[in-house]
Amino acid sequence: MRRDDVARACAQIRQVDLGPDARGRIAAAVRRAARERREASPRAGRAAGTRGRWAALAACAVAFAVIVGSGLARGGGAHAFTLTAFADGGSRASVGLGSEFWQGGLWSFSDGLFTSDGTGIADTGVAEGFAVSFPLDLEVKGAGISRVRYAVAEGSAYFRYDPHADPATMPDDFSPRSYSIEPGELDRLLPPFREGVVYVMANVAADAPGVAEAWGAAVQGGGLGAQESAAVFLAGAEELARSVIEVTVTFDDGATETHRYRVSPAENFRAAIEAFCAGEDAASIPDVLTIEQLD
């Protein structure tokens, strides 16, 4: 093995997303191997130092293999996965009012604006009202993943695909109810964009509780104020909470695993939206949505 091979292997290891406890165990193994090598060899100089580096790399590789072999899903087996949002453990994650949240938005609509290709507002039986967009981190982590399928298993939530500049980037078999991607196929929610992103949507009827004033403002062509916007976002989040999103991962050997998730508004949701729309800094606003793994 040449020195450039060593550098390449180390670079690949550093790119793996491991928690601080895993990285700490690797670092400790490397230091221990280097120390034992120095103590075992009385000769100083370049040759001894080189052997020390090889021993350290070997120990690093062993520790790396043990940790990765245990599954990136924090203790899961070879056929385990987790949402990126759950990477630090647990089965609940929060979504705050950061810039990614506001990459979504809301639209008013009436009959005639529905689309059949999944790139716009889907017909969920709501003749007129608002379509509310929620950008959620539904990426997955795990070892040996070849395909990920997302589906709305229950409720009226749906997926909207934003292709940015090139509609040809739409995932395979995309529809408002389901789609499939390869790991890392789509962009994250912030620029610079290369391909498209997928948003989770909820339609809110014009006569839904609490949104009458917002609908009146939309019909008159005026902009929505902080309270009206918050009311529509809350109604959308409550509609989203009645849905279940199913994520199925297919592994390289053909095995599959499925988990189901629910997204719900936090208690402070409406107050947080009102505060932000009134000009408060998003960074100071608590988390407003909760992603929960149901099974």
Review point. Which pairs count as ring pair (Phe, Tyr, Trp, His ring centres under 6.0 Å) when at least one residue sits in residues 167-188, sequence neighbours excluded?
Key: Tyr150-Tyr179, Phe159-Tyr179, Tyr161-Phe174, Phe174-Tyr179
Revision key, fill the gap. Between Ser146 and Asp252, the two heavy atoms sitting closest are CB-OD1, 3.4 Å
Review point. Under 3.5 Å, side chain of Arg177 to main-chain N/O of Ala153, donor-acceptor pair present?
Key: no
Check your understanding: Which is it for Val232 and Val132 under the side chain to side chain contact (heavy atoms under 4.5 Å, CB included) test, yes or no, and what are the steps along the way?
Key -> CA-CA 8 Å; Val232 176; Val132 187; 3.8 Å; yes
Exercise for review: Over all heavy atoms of both residues, which pair between Ala237 and Leu289 is shortest? Give the atoms and the distance, please.
Suggested key: CB-CD2, 4.2 Å
Exercise for review: Mind checking side-chain contact (heavy atoms from CB on, under 4.5 Å) for Arg92 and listing every partner two or more places apart, or none if nothing turns up?
Suggested key: Thr290, Glu292
Using atom types as modelled, flag every donor-acceptor pair under 3.5 Å from a side chain in residues 203-227 to any protein atom, sequence neighbours excluded.
residue : atom : partner : partner atom : Å
Asn203  : OD1  : Tyr158  : OH           : 2.7
Asn203  : ND2  : Ala122  : O            : 2.9
Asn203  : ND2  : Thr124  : OG1          : 3.0

Point to revise | Pairs where residues 231-243 contributes a residue and the test side-chain hydrogen bond (donor to acceptor under 3.5 Å, both in side chains) is met, not counting sequence neighbours | key: Ser156-Glu239, Glu239-Arg242
**Study point:** From Leu106 atom CG to Glu228 atom CD, the distance as rounded to the nearest 0.5 Å
**Key:** 11.0 Å
**Study point:** Asp173 (side chain) donor-acceptor with Ser175 (main chain) under 3.5 angstrom
**Key:** no
Check your understanding: What are the two closest heavy atoms between Glu274 and Ala230, and how far apart are they?
Key -> CG-CB, 3.3 Å
Exercise for review: List in chain and number order the residues that pass side-chain hydrogen bond (donor to acceptor under 3.5 Å, both in side chains) with Thr258, two or more places apart in sequence or in another chain; answer none if no residue qualifies.
Suggested key: Thr248
Review point. Honestly curious: do Val244 and Tyr199 fall in one hydrophobic cluster under the side-chain, below-4.5 Å linking rule?
Key: no
Point to revise | Any residue meeting ring-ring contact (aromatic ring centres under 6.0 Å, His included) with Phe109, in chain and number order, not counting sequence neighbours | key: Phe114
Review point. Given side chains that start at C-beta, do those of Ile291 and Val95 come closer than 4.5 Å, heavy atoms only?
Key: yes
Practice item. Taking all non-hydrogen atoms of both residues into account, name the closest pair between Val148 and Val247 and its distance. Key: CG1-CG1, 3.8 Å
Review point. What residues form a side-chain hydrogen bond (donor to acceptor under 3.5 Å, both in side chains) with Glu257, not counting sequence neighbours?
Key: His259
Exercise for review: To the nearest 0.5 Å, tell me how far Leu83 CG sits from Ile245 CD1.
Suggested key: 9.5 Å
Exercise for review: Mind checking side-chain hydrogen bond (donor to acceptor under 3.5 Å, both in side chains) for Asp253 and listing every partner two or more places apart, or none if nothing turns up?
Suggested key: His79
Review point. How would you list, by chain and number, every residue that makes a side-chain hydrogen bond (donor to acceptor under 3.5 Å, both in side chains) with Glu280, sequence neighbours excluded?
Key: Ser284
Review point. Which heavy atom of Glu185 sits nearest a heavy atom of Pro171, and at what distance?
Key: OE2-CA, 4.0 Å
Point to revise | Main-chain N/O of Gly125 paired with Asp123 side-chain donor or acceptor, under 3.5 Å | key: yes
Check your understanding: Mind checking whether Val263 and Val200 have side chains closer than 4.5 Å, heavy atoms only?
Key -> no
Review point. Is there a side-chain contact between Phe86 and Tyr261, using heavy atoms and a 4.5 Å cut-off?
Key: yes
Practice item. Could you tell me which residues satisfy side-chain contact (heavy atoms from CB on, under 4.5 Å) with Ser264, sequence neighbours excluded, listed by chain and number? Key: Ala241, Arg262
Check your understanding: Between Thr115 and Gly120, is there a donor-acceptor pair closer than 3.5 Å when you use the side chain of the first and the backbone of the second?
Key -> yes
Point to revise | Test log, rule side chain to side chain contact (heavy atoms under 4.5 Å, CB included), inputs Thr256 and Thr250 | key: CA-CA 4 Å; Thr256 63; Thr250 300; 3.7 Å; yes
Check your understanding: Is there side-chain contact between Pro163 and Met170, with at least one heavy-atom pair below 4.5 Å?
Key -> no
Exercise for review: Kindly indicate whether the side chain of Leu138, heavy atoms from C-beta on, has any atom under 4.5 Å from the side chain of Val198.
Suggested key: no
Point to revise | Residues forming a salt bridge (charged side-chain N to carboxylate O under 4.0 Å, His left out) with Glu182, sequence neighbours excluded | key: Arg147
**Study point:** Any side-chain heavy-atom pair of Trp107 and Leu113 under 4.5 Å
**Key:** no
Check your understanding: Between Asp287 and Ala266, which heavy-atom pair has the shortest distance, and what is it?
Key -> O-CB, 3.9 Å
Revision key, fill the gap. So the salt bridge (Lys or Arg N to Asp or Glu O under 4.0 Å) pairs with at least one residue in residues 153-164 (sequence neighbours excluded) are Glu154-Arg260
